[in-house]
Chemist: 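I have a structure I would like to understand better, so I am pasting it below and will then ask my questions one at a time.
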2 protein chains.
Amino acid sequence: MEMVTSADNQQIETAKKLKKMFGHIDYKNPPEMCPVRDVLSLASDKWSILIILYLGFFPVLRFNKLKKYVYGISNKVLSERLKALESDGYLTRRMYAEVPIRVEYRLTNFGKNYVDKLIELTEWMQINSPKVLKNKKKFQVK
Amino acid sequence: MEMVTSADNQQIETAKKLKKMFGHIDYKNPPEMCPVRDVLSLASDKWSILIILYLGFFPVLRFNKLKKYVYGISNKVLSERLKALESDGYLTRRMYAEVPIRVEYRLTNFGKNYVDKLIELTEWMQINSPKVLKNKKKFQVK
DNA sequence: AGCACTGGTTACCATTTCCATACTATGTTA
DNA sequence: TAACATAGTATGGAAATGGTAACCAGTGCT
């Protein structure tokens with residue numbers, strides 16, 4: 001008698017998706033464009049994830065407020081990441097010619113869509129991070 | 001009359017999750033441990049994602065084979081990433097004292113679980129990467 | 001016997017990215 | 001007059017990253 005749990009089912013689904021994604025790949029002839037390498041990796045680094053999540057929660061944020069939430073980021077890197085995320089279509093930059101200048105950042109619809117996906121991953125990690133920390137500790141002892 | 005699409009529904013769901021995740025956060029007193037900063041970011045960089053996805057597709061891989069699939073990675077970084085991913089519990093390292101030495105890497109159940117989540121993100125990006133590329137191009141013209 | 005070869009990893013140095021700090025512009029406030 | 005505010009840029013040093021070469025110890029070739 002076989003037991004098929006929903007976890008098993010998900011792994012079968014995942015296997016299918018992986019097959020679709022990698023099944024045809026010949027490592028001697030890598031494709032010219034790889035979505036994970038060339039696109040996802042530009043928006044899945046630590047800082048970009050945090051920026052996008054905070055903009056998911058607060059619809060509008062200005063530079064310095066964002067910097068406070070994404071604590072630890074430097075001006076340069078924040079500025080750089082914001083430019084990159086804007087040019088990739090995740091967020092918009094709206095500048096008001098006031099004094100002092102005011103610049104507002106907010107997610108595009110595409111960015112909101114990305115948050116939907118990202119949040120699933122971060123939520124999972126929030127639940128599972130204790131396991132990781134426990135494992136890391138166990139590993140250090142060895 | 002209001003129209004509520006499933007996309008709207010998902011964004012409402014996301015908003016709830018974000019609220020749960022960030023609603024209590026006071027940026028003047030950041031928490032000591034942040035799952036995104038301290039755990040996820042160690043397994044969501046470009047190389048780790050690729051390593052984990054390939055190990056999701058090929059149940060067992062040895063160092064050099066992995067290096068061929070994750071083309072472009074240096075020995076040093078691959079070695080380092082594998083160690084980190086092992087210590088965080090995503091994969092196991094099995095060494096055979098043969099000559100030449102043989103080392104096999106495979107995902108743990110936890111790692112397989114992570115792939116399930118990761119694949120949803122990469123799949124989404126695979127579908128949407130053309131939009132990003134298009135946007136990037138449009139942005140350069142400006 | 002000498003020598004190249006193997007696979008996984010480390011050592012070394014050059015390059016790139018990163019962070020902290022100071023600084024810019026302009027007008028308002030004390 | 002000095003301090004403050006905003007949204008950054010400039011700078012110098014620290015840290016991460018990349019490429020290349022070396023290492024081990026046994027095996028097969030000459």
Side-chain angles (χ1 to χ4, degrees), chain A residues 27-28 30 34 36-38 40-51 54-55 58 60-88 91-106 139 142, chain B residues 27-28 30 34 36-51 54-55 58 60-88 90-106 139 142:
Chain A
Y27 63 73
K28 283 156 205 150
C34 166
V36 176
R37 274 166 194 277
D38 305 324
L40 179 60
S41 69
L42 305 179
S44 69
D45 64 297
K46 175 179 164 184
W47 297 130
S48 298
I49 290 178
L50 288 168
I51 290 169
Y54 278 110
L55 279 173
F58 302 97
V60 185
L61 282 175
R62 297 169 64 181
F63 191 89
N64 279 322
K65 198 70 175 274
L66 200 42
K67 191 182 163 178
K68 277 173 193 159
Y69 283 115
V70 187
Y71 60 91
I73 195 170
S74 70
N75 288 13
K76 187 181 170 184
V77 174
L78 177 55
S79 176
E80 209 174 79
R81 293 285 82 217
L82 286 170
K83 262 179 212 157
L85 291 173
E86 188 195 3
S87 98
D88 283 8
L91 53 84
T92 59
R93 196 188 112 110
R94 203 175 293 175
M95 198 169 79
Y96 299 86
E98 305 172 355
V99 170
I101 195 171
R102 181 158 60 99
V103 180
E104 291 178 349
Y105 293 94
R106 62 193 86 202
F139 202 81
K142 278 189 199 166
Chain B
Y27 63 74
K28 282 157 205 147
C34 166
V36 176
R37 276 167 193 275
D38 304 325
V39 183
L40 179 60
S41 69
L42 306 179
S44 70
D45 64 296
K46 176 179 163 184
W47 296 131
S48 297
I49 289 178
L50 288 168
I51 290 168
Y54 278 111
L55 279 173
F58 302 98
V60 185
L61 281 175
R62 297 169 62 181
F63 189 89
N64 279 321
K65 198 69 174 274
L66 198 44
K67 191 183 164 179
K68 277 173 192 158
Y69 284 114
V70 187
Y71 59 92
I73 195 170
S74 70
N75 290 11
K76 185 182 170 181
V77 174
L78 178 54
S79 179
E80 210 173 78
R81 292 283 84 218
L82 286 170
K83 257 181 218 158
L85 292 173
E86 189 195 1
S87 99
D88 283 7
Y90 298 100
L91 54 84
T92 59
R93 196 189 110 110
R94 203 173 293 174
M95 196 170 81
Y96 298 85
E98 304 171 358
V99 170
I101 195 169
R102 182 159 59 101
V103 181
E104 291 178 349
Y105 293 94
R106 62 193 87 203
F139 202 82
K142 279 190 197 163

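Atoms considered below: every heavy atom in the structure, side chains included; atoms not considered: hydrogens, waters and symmetry mates.
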Chemist: Does any part of the side chain of A:K67, heavy atoms only, come nearer than 4.5 Å to the side chain of A:I73, both counted from C-beta?
Modeler: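 Contact flag for A:I73/A:K67 side chains = yes.
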Chemist: In whole Å, I'd like the distance from the CZ atom of B:R81 to the C1' atom of D:dA16.
Modeler: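 Computing the B:R81:CZ to D:dA16:C1' distance gives 11 Å.
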Chemist: OP1 or OP2 of D:dG8 sitting under 4.0 Å from any side-chain N/O of A:Y105?
Modeler: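 Yes.
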Chemist: Using the side-chain heavy atoms of B:S74, tell me which of these nucleotides is nearest: D:dG18, C:dC18, D:dT6.
Modeler: D:dG18
Chemist: Could you go step by step and tell me if A:F58 and A:L66 meet the side chain to side chain contact (heavy atoms under 4.5 Å, CB included) rule?
Modeler: CA-CA 10 Å; A:F58 302 97; A:L66 200 42; over 6 Å; no
Chemist: In whole angstroms, how far is the P atom of C:dG7 from the CD1 atom of B:I101?
Modeler: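 Going from B:I101 (CD1) to C:dG7 (P), I get 12 Å.
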Chemist: Among the candidates C:dC19, C:dT26, D:dG8, find the nucleotide nearest to the side-chain atoms of A:V77.
Modeler: C:dC19
Chemist: How close or far is atom P of C:dC19 from atom CZ of B:R37, stated in whole angstroms?
Modeler: 10 Å
Chemist: OP1 or OP2 of D:dA7 versus the side-chain N and O atoms of A:K76: is any pair under 4.0 Å?
Modeler: no
Chemist: At 4.0 Å (heavy atoms only), tell me whether A:E80 reaches a base, stays on the sugar-phosphate, or touches nothing.
Modeler: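 If one applies the 4.0 Å heavy-atom cut-off, A:E80 turns out to touch the sugar-phosphate alone, with no base involved.
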Chemist: Nearest whole Å is fine: how far is D:dG18 C1' from B:L78 CG?
Modeler: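 Atom-to-atom, B:L78 to D:dG18, this comes out as 13 Å.
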Chemist: Are B:L55 and B:L85 packed together at the side-chain level, in the sense that at least one heavy-atom pair is separated by less than 4.5 angstrom?
Modeler: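 They are not in side-chain contact.
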Chemist: How is A:R93 classified with respect to the nucleic acid when contacts are heavy atoms under 4.0 Å: base, sugar-phosphate, or nothing?
Modeler: sugar-phosphate
Chemist: For the pair made of CG in A:D45 and C1' in C:dC19, what is the distance, rounded to whole Å?
Modeler: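 Rounding to the nearest Å, CG of A:D45 and C1' of C:dC19 are 15 Å apart.
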Chemist: Regarding A:Y96 and A:E104, do their side chains bring together a donor and an acceptor under 3.5 Å, going by distance alone?
Modeler: yes
Chemist: Please give, in whole Å, the distance from C:dC5 P to B:E98 CD?
Modeler: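 Answer to the nearest Å: 22 Å.
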Chemist: Is there a side-chain contact between A:R62 and the phosphate of D:dT6, meaning an N or O under 4.0 Å from OP1 or OP2?
Modeler: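 For D:dT6, OP1/OP2 do not have a side-chain N/O of A:R62 under 4.0 Å.
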Chemist: Using the side-chain heavy atoms of B:V99, tell me which of these nucleotides is nearest: D:dA25, C:dG8, C:dT26.
Modeler: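 Nearest listed nucleotide: D:dA25.
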Chemist: Can you find a side chain N or O atom of A:W47 that sits less than 4.0 Å from OP1 or OP2 on C:dT17?
Modeler: no
Chemist: Taking atom types as they are modelled, is there a donor-acceptor pair under 3.5 Å from the base of D:dT20 to the side chain of B:N75?
Modeler: no
Chemist: Just the rounded figure in Å: distance from C1' of C:dT6 to CZ of B:R102.
Modeler: 14 Å
Chemist: Return the 5'-most residue of the pair A:P100, A:K46 with respect to DNA chain C, ranking by each residue's nearest nucleotide.
Modeler: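 Final value for this comparison: A:K46.
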Chemist: How close or far is atom C1' of D:dT6 from atom CE of A:M95, stated in whole angstroms?
Modeler: 12 Å
Chemist: Is any side-chain nitrogen or oxygen of A:S79 closer than 4.0 Å to OP1 or OP2 of D:dA7?
Modeler: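 Negative; the distance criterion is not met.
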Chemist: Report yes if some heavy atom in the side chain of B:D88 is under 4.5 Å from a heavy atom in the side chain of B:V39; otherwise report no.
Modeler: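 B:D88 does not reach B:V39 side chain to side chain.
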Chemist: Determine yes or no for a side-chain-to-main-chain donor-acceptor pair under 3.5 angstrom, with A:S41 supplying the side chain and A:R37 the backbone.
Modeler: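 Such a contact is found between A:S41 side chain and A:R37 backbone.
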Chemist: Quick one: label A:K83 by what it contacts on the DNA or RNA (base, sugar-phosphate, nothing), any heavy atom closer than 4.0 Å.
Modeler: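 Answer is sugar-phosphate: A:K83 comes under 4.0 Å of backbone atoms only.
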